[in-house]
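Keep in mind that what you see is a predicted model, and the values were worked out from it rather than measured.
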Amino acid sequence: MNNSIPVVSKIFCSSTPTMLMIRRRPIVVNGGGFVVTDLNHNVIFVIDGCGILGSKRELMVKDGEGEPILFVSRKVGIVQALSTRNKWNGYSMDYQGKDKLVFSLTDPKSCIATSTPMRIHIEPMRHCTNWDYEIGGSFADRDCRIIDCTGKTVAQMGKKDLIGGKDFYHVEVQAGCDQAFIIGVMAILDNINGESTRC
């Protein structure tokens with residue numbers, strides 16, 4: 001599988017592995033969410049929680065300049081209510097605000113056995129037949145990874161034990177993988193786990 005094909009945009013892909021630092025914002029600051037910086041403390045992404053958008057199921061990923069680049073929402077409705085899995089959709093946004101579906105993430109509902117993995121499908125469909133990425137490990141413990149359908153880890157989350165506790169952690173994104181996409185997935189995991197993006 002070729003991870004160098006961008007999900008959101010090629011401008012968010014690096015030719016070398018990249019360490020992204022994530023610091024959660026309190027809910028009282030712009031509706032919560034988190035800020036993503038590089039190792040030089042430059043803001044790369046900002047994730048806004050529900051306080052900005054007015055909905056409990058919507059998140060926005062912005063670039064370092066504050067421009068929206070990815071809109072994420074949890075699907076609702078009768079069909080979704082009857083499903084055994086929740087579905088989140090990620091839409092890329094252009095300069096006119098138009099959005100295009102670029103990925104979907106499904107996670108088992110709380111009443112279902114959690115041994116079923118979270119899986120991500122990229123739009124349009126890539127080389128993998130059933131899913132493109134899978135999430136392993138524990139987000140709550142700050143020890144999870146995103147694996148492609150060949151078994152290769154494309155992003156690994158880790159703790160920063162010395163400062164900030166659970167409010168400060170990092171994600172190492174492998175070369176060629178779309179960083180905006182990875183941060184969009186981190187925003188969904190944050191919301192599923194009832195953390196800084198959740199109302």
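- A distance-only check finds no donor-acceptor pair linking the side chain of Thr16 to the backbone of Ser14 [under 3.5 Å].
- Interatomic distance, Ile120 CD1 to Ser104 OG, rounded to the nearest 0.5 Å: 10.0 Å.
- Summarising the geometry of Leu70 relative to Gly90, their closest heavy-atom pair is CD1-C, 4.1 Å, with the distance given to 0.1 Å.
- Val35 is not connected to Met19 by any chain of hydrophobic side-chain contacts under 4.5 Å among Ile, Leu, Val, Met, Phe, Trp and Tyr, and they are in different clusters.
- In terms of hydrophobic clustering, with Ile, Leu, Val, Met, Phe, Trp and Tyr side chains grouped at heavy-atom distances under 4.5 Å, Leu39 and Val43 are assigned to different clusters.
- In summary, the side chains of Asn89 and Ser73 do not present any donor paired with an acceptor at a separation below 3.5 Å, with no hydrogens or angles considered.
- With hydrogens and angles disregarded, a donor-acceptor distance shorter than 3.5 Å links the side chain of Asp178 to the backbone of Val7.
- Inter-residue side-chain proximity for Ile188 and Phe103 is flagged as met; some heavy-atom pair is nearer than 4.5 Å.
- Separating the CD atom in Gln179 from the CD atom in Gln174 is a distance of 11.0 Å, to the nearest 0.5 Å.
- Asp132 places no side-chain N or O within 3.5 Å of a backbone atom of Cys149 that could act as its donor or acceptor partner.
- With sequence neighbours left out, the side chain to side chain donor-acceptor pair (under 3.5 Å) criterion links Thr37 to no other residue.
- Not one N or O on the side chain of Asn193 forms a donor-acceptor pair closer than 3.5 Å with the backbone of Glu195.
- Asp63 places none of its side-chain heavy atoms less than 4.5 Å from the side chain of Ile11.
- Hydrophobic clustering (ILVMFWY, side-chain heavy atoms < 4.5 Å, transitive): Val46 and Leu20 are in distinct clusters.
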(request) Determine, step by step, whether Val36 and Val171 satisfy the side chain to side chain contact (heavy atoms under 4.5 Å, CB included) criterion, reporting the C-alpha distance in whole Å, the side-chain angles of both residues, the deciding distance to 0.1 Å, and the verdict. (result) CA-CA 10 Å; Val36 183; Val171 176; over 6 Å; no

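- At a threshold of 4.5 Å between non-hydrogen side-chain atoms, the residues Met93 and Met60 count as touching.
- For the atom pair Trp88 CH2 and Arg74 CZ, the distance stands at 6.0 Å (nearest 0.5 Å).
- Of all non-hydrogen atoms in Gly137 and Cys144, the two that sit nearest each other are C-CB, 4.0 Å.
- Here the closest non-hydrogen pair linking Ser15 and Ala175 is O-CB, 3.4 Å.
- A 4.5 Å side-chain heavy-atom check between Ile22 and Ile183 finds at least one atom pair inside the cut-off.
- Side-chain heavy atoms closer than 4.5 Å link hydrophobic residues (I, L, V, M, F, W, Y) into clusters, and following such links, possibly through other members, connects Val185 to Ile44.
- Ring geometry, Tyr133 versus Phe181: the interplanar angle falls from 30° to 60°, so the pair is classed tilted.
- Here Asn191 contributes atom CG and Ile47 contributes atom CD1; the two are 12.0 Å apart, rounded to the nearest 0.5 Å.
- With sequence neighbours excluded, the residues satisfying side chain to side chain donor-acceptor pair (under 3.5 Å) with Asn42 are Asp38.
- Using a 4.5 Å heavy-atom threshold, the side chains of Met157 and Ile182 count as separate.
- Relative to the ring axis of Phe34, Arg24 does not place its NZ or CZ within 45° and under 6.0 Å from the centre.
- Among all heavy-atom pairs drawn from Gly176 and Cys13, the shortest one is O-SG, 3.7 Å.
- Atom SG of Cys177 is separated from atom CZ of Phe12 by 13.0 Å, given to the nearest 0.5 angstrom.
- Partners of Glu134 according to the side chain to side chain donor-acceptor pair (under 3.5 Å) rule, which considers only residues two or more places apart in sequence or in another chain, are Arg119.
- Hydrophobic clustering (ILVMFWY, side-chain heavy atoms < 4.5 Å, transitive): Ile122 and Leu105 are in one cluster.
- Side-chain contact between Ile69 and Phe45 is present, with at least one heavy-atom pair separated by less than 4.5 Å.
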(message) Would Asp143 and Gln156 count as a side chain to side chain contact (heavy atoms under 4.5 Å, CB included) here? Give the steps.
(response) CA-CA 8 Å; Asp143 182 25; Gln156 176 75 47; 3.7 Å; yes

